[in-house]
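Throughout, a chain's letter reflects where its sequence line sits, starting with A, and its residues are numbered from 1.
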Amino acid sequence: MAIRSFFLFILFFSSSLSPVFSLYEDQVGLMDWHQQYIGKVKQAVFSSQRAGRKRVVVSTEENVIASLDLRHGEIFWRHLLGADDVIDGIDIGLGKYVITLSSGGSILRSWNLPDGQMVWESSLQGPKHSKSFLLVPTNLKFDKDNVLVVFSNGRLHAISCIDGEVLWKKDFEAESFEVQQVIQPPGSDLIYVVGFAASYQFEMYQINAKNGELLKHESASFSSGFSGEVSLVSTETVVALDSTGSILLTISFQDGKISSQQTPISNLVEDSLGPAVIIPSSVSGIFAIKTDAVTVFIRVIGEGKLEVVEKTTHEIAVSDALSISEDQQAFALIQHASSEIHLTVKLAHDWDGNLLKESVKMDRQRGLVHKVFINNYIRTDRSYGFRVLIVMEDHSLLLLQQGEIVWSREDGLASIIDVTTSELPVERNGVSVAKVEHNLFEWLKGHMLKLKGTLMLASPEDMAAIQSMRLKSSEKSKMTRDHNGFRKLLIVLTRAGKLFALHTGDGRIVWSHLLRSLHKSEACQSPIGLNLYQWQVPHHHAMDENPSVLVVSRCGPSSDTPGVLSFVDTYTGKELSSLSLDHAVVQVIPLPYTDSTEQRLHLLINADKHAHLYPKTSEALSIFKREFLNIYWYSVEDQNGIIKGHALKCKCTGEVADEFCFDTRDLWSVVFPSESEKIVATVTRKLNEVVHTQAKVVADQDVMYKYISRNLLFVATVAPKGSGEIGSVTPEESWLVAYLIDTVTGRILHRVTHHGSQGPVHAVFSENWVVYHYFNLRAHRYEMSVIEIYDQSRADNIDVWKLVLGKHNLTSPISLFSRPEVITKSQSYFFTHSLKAIAVTSTAKGITSKQLLLGTIGDQVLALDKRFLDPRRTVNPTQAEKEEGIIPLTDSLPIIPQSYVTHALRVEGLRACTFKDI
Amino acid sequence: MAFSCKNSSKFNGFSSCIKMVMVGTSAIMMQQRTLAMEASLCVKKSKKKGADSVTRPNSQISAAMAAVTPLLLLLLLSSAPSFSSGSRNAYNINGRVKIPQGLGLGTKGYALPGRMSNVKVLLNGGQNITFLRPDGYFSFHNIPAGTHLIEVSAIGYFFSPVRVDVSARNPGKVQAALTENRKGLSELVLEPLREEQYYEIREPFSIMSLLKSPMGLMVGFMLAVAFLMPKLVENMDPEEMRRAQEEMRSQGVPSLSSLLPGGARN
């Protein structure tokens, strides 16, 4: 359900469901909305163009490169690079090209700044993996051509800015050499490459920037070794920490001679601080070190002498240096103070004088400042003004100027982990419903506009006005529940640990809350949000109780770290309570039982296969005990190729008596032979899905009973060789096996092998059918298959006499332990596109026809009628079958452009689509 | 951009392109011949030197031919085979996406250059993603030998996925086929199969649509009766008219009295 570059796109069917739901172009935005986000900003570069609109180019942790409007924060253009094409550095060259270095320094691209068109792309190879650096020297020219300096994969390249040609390159093949900095002093033709070799040797290479010739190579060894990063304090001096983190080494390599100075931190700061780390920054003459509690700013005064200028215990963020004139550098500093942040802009050589000091009120829900980027402009009175772009803990991006927040972007929404829905409050008396136009003139103007629209005379501005008028008059953005339940709140958990509530009508943020339980703390070092569950959905007390959601998270990346639960009110966004668990959370099973306050019972399975019941009340326990024997679940170990079924056994037999903890037992296990099969996909039905009709009347007046069980599991396995990428195997050595497994008994109900096929497999399970998408190597096309499963044991019930005489078995209890007589029907079709996600529509009563929602590789969402995936399709359907609505069989599934629910828009980085009940 | 000319098939590519330019002046032709030679030489050299330096022989070529660069480069590229060997078992796939200009949608509202910048080329279901250069060329670097699938994502156009075989044995071999209609491609130039229209097209206001509506038809019929029927009578042949009148007279004027039972006796 997590969606990267943001996708929340809920399609509302109007109550009169038409078979084709294509739209006119001017109807876009009436029923749907589309939002674009970029993710947490890693690096920002301000465009220094004098003319035209002011821009800032950013690269983010979601591998997005985007150009934003500096006035409003809108996206001019954005590109999402591939998942493993991580951006290492960005810069602007010649004022009109955005240069990006990505994929561990192996791909260098140049983009046109105004429109985002890629200009050139170069692939850079090198002898070994290393840190990568991208420098865009302003004054280094080579045949009238500006030069980029790139260090990547152990090789230094000089690259033409115009066409991406490599002008020269120089290898650094020494085995243990680790590059730390690449420096190009402005105004010279030299490049310095400094780094460590064998962790105790400092190496300096001086290189001619014109031709890549090695001019000098010096090294000096330091017995104490190095740790962490180095900070550049001038073009010829770096500061590093020794391996214990307690001695500062000031190394200068002026004129190719290495000289160094050692200063213990305890000499500078009286009280001992423990091991420190250097905060990387590029402000000349000043660097900062950080220990657990304190951040210390230290100034370098010639010849390696150090002096402490400030010591602070506040959380602090420093920007890189910005040169404002020939010899002046400025940098920004942000300090937190309760509900405000203090922004100071200082000159690098003058710590005590402030160029700017402002305090800005900051919403506490945004957390701490993580990154600061500074830019200057010249005011009308010819003095310098500064604007600062800050990245907050919740991944939002804000622009501060003149003590105010000019704009903010909620880019946390680019990395959604989980989504759930919540009902809106019931409409109470006294809430005004309709607003009529205020006066006759307004009314007339509105109607004139609408008339212009229908006569196609309206200009784009008029169209926008009409659109907003329609939006205002529509009921969809009201904050109360509607009769059909179309309006809802979407509760969204993001990677930053922030919870958002979005209105389904127009996608606006109703509230947002940075979860305290997902904050870093002593007990919980790196909390990660996992899932959202509906904790309490009041129906009987809907007027006086608010629904709440359960947020499950854990304290670290591995699955055996203790879990954290928090409960959040979905109307107000208040965190009601939170629980730090003493056990891990591997699996969460929402049980279909609620207690008298309509809190849903949840079973949490920990790493030792103990089950813990929540909420921990005696009432919940008594409900649970009644259903004790009816609770089954399964677990998939895809590494070992084992699927296991579990049930509860007894109370925990540990030393601490806990009546909410239960031992479990293994019921069954399916072991796939590891040499021939590897699990690639497992899918079950949605827990809350409603099936309206149990039977299907087929053309010849016959009835087929759907085999509907909540305990069916679809498993797809592929040959281990074929689990890699497409094209890595021949069709002969690759196969795909699809299973339908009953999760209570472990019985395999159906098994089918697709020879010459491979993953990735995307599947969706609904009612009695499963649709899955895979790659057919023989045809070299994607295929989609459908399996429908029908119950044969009830097939005899169609005899009327049996019904009359009461000899039918409709009322006999159905147990999964009795052998089910099932038949399956299946069919396969070609499909053009690769898929990223697949989902199916569902409605509250299950009466609407099903549409498959396919998230294609082109980041669009295509709706495909389930009737195209009906295994009873034949080439020439009979008249009766045609009447039933069976479509003649074709070898491939049609792609009807009008049924793209995303229309002409693109949901960049689509990760999953979800359809919520309405 | 990158291609190698170390085997004969690639060199054929060169000579064919030179033939194409032969229509130009002989001086240019001469230049090109020498350039082609230079290119092949430099590739041979770099082949000895190192594994991956082969990937960018174009740099040397273009550096050598400042005068005719733009035109020639384009021609060289368009006829250059789509593969070149990078390091030992990694290859580059180069190709081109061609969107016909002025085709339906292109003229309607959208700015074409902006759309070109949003075209993505995806290898093996998103394993590698690359973008187009302004002239439509794209390349994937360091691709292992084997069979691959290239997809083009461009809003407004439907592209067929392309099956591409990168052969380890003879790296110059072009093997590409559209998977939708199994059409083989001699070079990796991808063109959309059709355009995609995401919206229903709203009929513009026109007199015809008004006339075609049921109301319009009714009005039209009434007008026809009111104005055209008298005209029909007018245009009748006078002879015919007279004969018809006489016929009517001979039968007698059907008067009300004749219709009445009593009137028949008169």
- Find out whether B:K120 and A:I857 are in side-chain contact, i.e. whether some heavy atom of one side chain is under 4.5 Å from a heavy atom of the other. no

- Item | A:T832 side chain near B:P161 side chain, heavy-atom distance below 4.5 Å | yes

- Message: Is there a side-chain contact between A:L81 and B:F131 in this structure, where contact means two heavy atoms from C-beta onward sitting under 4.5 Å apart?
- Response: yes

- Heavy-atom side-chain proximity of A:E121 to B:H141 below 4.5 angstrom: yes

- Task: Quick one: pull up CG in B:L132 and CD in A:Q117 and give me the separation to the nearest 0.5 Å.
- Result: 7.0 Å

- Message: To the nearest 0.5 Å, what is the distance between CD on A:Q860 and CD1 on B:I155?
- Response: 3.5 Å

- Counting only heavy atoms not in A:K170, do more than 12 fall under 6.0 Å of its NZ? yes

- Message: Would you say that A:V119 contacts B:R133 through its side chain, given a criterion of any heavy-atom pair below 4.5 Å between the two side chains?
- Response: no

- For the atom pair CG (A:D859) and CG (B:N118), what is the distance rounded to the nearest 0.5 Å? 11.0 Å

- Task: Would you check if A:S834 and B:E151 make a side-chain contact, meaning some heavy-atom pair closer than 4.5 Å?
- Result: yes

- Message: Counting only heavy atoms not in B:K212 (residues, nucleotides, ligands), do more than 12 fall under 6.0 Å from its NZ?
- Response: no

- Message: What part of B:Q127 gets within 4.5 angstrom of chain A, counting heavy atoms only: side chain, backbone, both, or neither?
- Response: both

- So, the part of A:N112 with a heavy atom under 4.5 Å from chain B: the answer is neither

- Item | Reported NE2-to-CG distance for the pair A:H780 and B:L178, which is rounded to 0.5 angstrom | 12.0 Å

- Task: Sort out for me which of B:G125, B:G126, B:A177 touches chain A most, counting heavy-atom pairs under 4.5 Å.
- Result: B:G125

- Query: Side chains of B:T179 and A:Y782: does their closest heavy-atom pair fall under 4.5 Å?
  - Reply: no

- Task: Mind checking side chain to side chain contact (heavy atoms under 4.5 Å, CB included) for B:V219 and listing every partner two or more places apart, or none if nothing turns up?
- Result: B:L223

- Heavy-atom contact with chain B under 4.5 Å, split by part of A:W111: side chain

- Query: Is there a side-chain contact between A:H833 and B:F158 (heavy atoms, below 4.5 Å)?
  - Reply: yes

- Task: Sort A:I895 into side chain, backbone, both or neither according to what part of it lies under 4.5 angstrom from a heavy atom of chain B.
- Result: both

- Query: If you count heavy-atom pairs under 4.5 Å between each of B:T130, B:L123, B:N128 and chain A, which one has the most?
  - Reply: B:T130

